[in-house]
Amino acid sequence: MKKIAIFASGSGSNAENIARHFAGSSLARVSLIVSDNSRAYVLERAASLGIASVVIPRREWREDAVTVMKVLNGYAPDYIVLAGFLSLVPPELTAAYAGRIINVHPALLPSYGGRGMYGENVHRAVVAAGEKESGITVHHVNDKYDDGAIIAQYRVAVTPDDTPETLAAKVHELEYRYFPQVIEDEIRKFFGAGNSEI
């Protein structure tokens, strides 16, 4: 049974969806929620789901990767999933977990990615640009924002009457529908499993 750690900074609806996806799995289980925000609602979700959680303040991600690595080493996850996580993952962590950290971004990378492009900021930019489609990108994580190799993309039409809020709802639906299965597929691929017995 592989252990998944989810990094999240906000509400945590994706984190909960992923945790529920794996709740009955013999492949993997969400064993840890990490947040850089002590007030994030994802921490309440973790408690209600019976999942361990830990807060590592944002400054620690910027200044002291030793703390981040110490926490992760204590829980020893096998795989890391970013789901609405706003801090930059330090290079020490991306090196230690090479090929085992993935993120979901709420746009079709390489467009609308990079520092400051998250959540409503992305959807506002997509609508303002008059794009005909948007979607989600699941990608590997390196030590730059939204820069890792793309694993999968799923698309949705942007209509003339879409607002950032309505587009966000469409994109969230894609995340809920596809992200857990992509995680499952990537874990199987990385650990070389053709079946659930890893």
For T137 and A107, indicate whether the former's side chain and the latter's backbone hold a donor-acceptor pair under 3.5 Å.
-> yes

### Task
Look at the side chain of W61 and the backbone N and O of I56, then say whether any donor-acceptor pair between them is shorter than 3.5 Å.
yes

>> Quick one, E184 and F22 - any side-chain contact, counting heavy atoms below 4.5 Å?
In response: yes

Using the rule that Ile, Leu, Val, Met, Phe, Trp and Tyr join whenever any side-chain heavy atoms are under 4.5 Å apart, tell me whether I183 and V141 fall into a single cluster. no

Rounded to the nearest 0.5 angstrom, the CZ-NE2 distance for F190 and H140 is 9.5 Å

When every non-hydrogen atom of V104 is compared with those of F179, the smallest separation belongs to CG1-CE2, 3.5 Å

request  = Indicate yes or no: at least one non-hydrogen side-chain atom of F7 is less than 4.5 angstrom from one of I101.
outcome  = no

Check: Quick one: does Q153's side chain have a donor or acceptor within less than 3.5 Å of a partner on L109's backbone?
Finding: yes

Side chain Y176, main chain S13, donor-acceptor under 3.5 Å | no

Query raised in the report: Transitively linked via ILVMFWY side-chain contacts under 4.5 Å: L108 with M117?
Result: no

*asked:* Can you see whether E175 engages H172 through a side-chain donor-acceptor pair at a distance of less than 3.5 angstrom?
replied: yes

Side chains of L49 and R20: does their closest heavy-atom pair fall under 4.5 Å? yes

Do F85 and L93 share a hydrophobic cluster, counting only Ile, Leu, Val, Met, Phe, Trp and Tyr and linking them when any side-chain heavy atoms are less than 4.5 Å apart? yes

Margin query: If you apply the rule side-chain contact (heavy atoms from CB on, under 4.5 Å), what do you find for S11 with E16, and how did you get there?
Written below: CA-CA 9 Å; S11 166; E16 180 171 345; over 6 Å; no

### Message
So K144 and R115, do their side chains get closer than 4.5 Å, heavy atoms only?
### Response
no

Quick one: does N103's side chain have a donor or acceptor within less than 3.5 Å of a partner on H139's backbone?
-> no

When rounded to the nearest 0.5 Å, the distance separating CZ of R29 from CG of D78 is 13.0 Å

Decide yes or no on side-chain contact (heavy atoms from CB on, under 4.5 Å) for I102 and Y79, but give the supporting numbers first. CA-CA 9 Å; I102 64 175; Y79 209 85; 3.5 Å; yes

Is there a side-chain contact between V158 and K132 (heavy atoms, below 4.5 Å)? no

One should read off an interatomic distance between L27 CG and M1 CE, to the nearest 0.5 angstrom, of 8.0 Å

Task: E165 and H123: CA distance, side-chain angles, deciding distance, side-chain contact (heavy atoms from CB on, under 4.5 Å) verdict - done: CA-CA 8 Å; E165 293 74 22; H123 305 309; over 6 Å; no

In terms of heavy-atom contacts, I151 and E186 come closest through CG2-OE2, 3.4 Å

Shortest non-hydrogen pair, A15 vs I33, comes out as CB-CD1, 4.2 Å

Evaluation steps, side-chain contact (heavy atoms from CB on, under 4.5 Å), between V34 and Y75:
CA-CA 11 Å; V34 177; Y75 285 94; over 6 Å; no

- Query: Going by heavy atoms in the side chains, are V182 and Y154 under 4.5 Å from each other?
  - Reply: yes

Does any N or O in the side chain of R58 come within less than 3.5 Å of the main-chain N or O of S87, such that one atom is a donor and the other an acceptor?
-> no

Quiz item: Are I6 and V42 side-chain neighbours, meaning at least one heavy-atom pair lies under 4.5 Å?
Solution: no

Please check if the side chain of S31 supplies one atom and the backbone of K3 the other of a donor-acceptor pair under 3.5 Å. no

With distance as the sole criterion, is a donor-acceptor pair present between the side chains of T159 and D161 under 3.5 Å? yes

For P180 and I18, the nearest pair of non-hydrogen atoms, with its separation, is CG-CG1, 4.2 Å

Practice task
Output yes when K170 and E173 qualify as a salt bridge under the 4.0 Å nitrogen-oxygen rule, no when they do not.
Solution key: no

| request: Treating Ile, Leu, Val, Met, Phe, Trp and Tyr as nodes and any side-chain heavy-atom pair under 4.5 angstrom as an edge, say whether V30 and Y178 lie in one connected cluster. | output: yes

Scanning both residues in full, the closest heavy-atom pair of I4 with I187 reads CD1-CD1, 3.7 Å

In this structure, CD of E133 is separated from OG of S111 (nearest 0.5 Å) by 10.0 Å

Donor-acceptor pair, distance only, cut-off 3.5 Å: does the side chain of S9 make one with the backbone of L86? yes

Any side-chain heavy atom of V68 within less than 4.5 Å of one from E92? no

- request: Report yes or no: do F191 and V81 belong to one cluster of Ile/Leu/Val/Met/Phe/Trp/Tyr joined by side chain heavy-atom distances under 4.5 Å?
  value: yes

- Query: Is there a donor in the side chain of N142 and an acceptor in the side chain of T94, or the other way round, less than 3.5 Å apart?
  - Reply: no

Between A83 and N14 the two heavy atoms that sit nearest each other are CB-CB, 3.9 Å

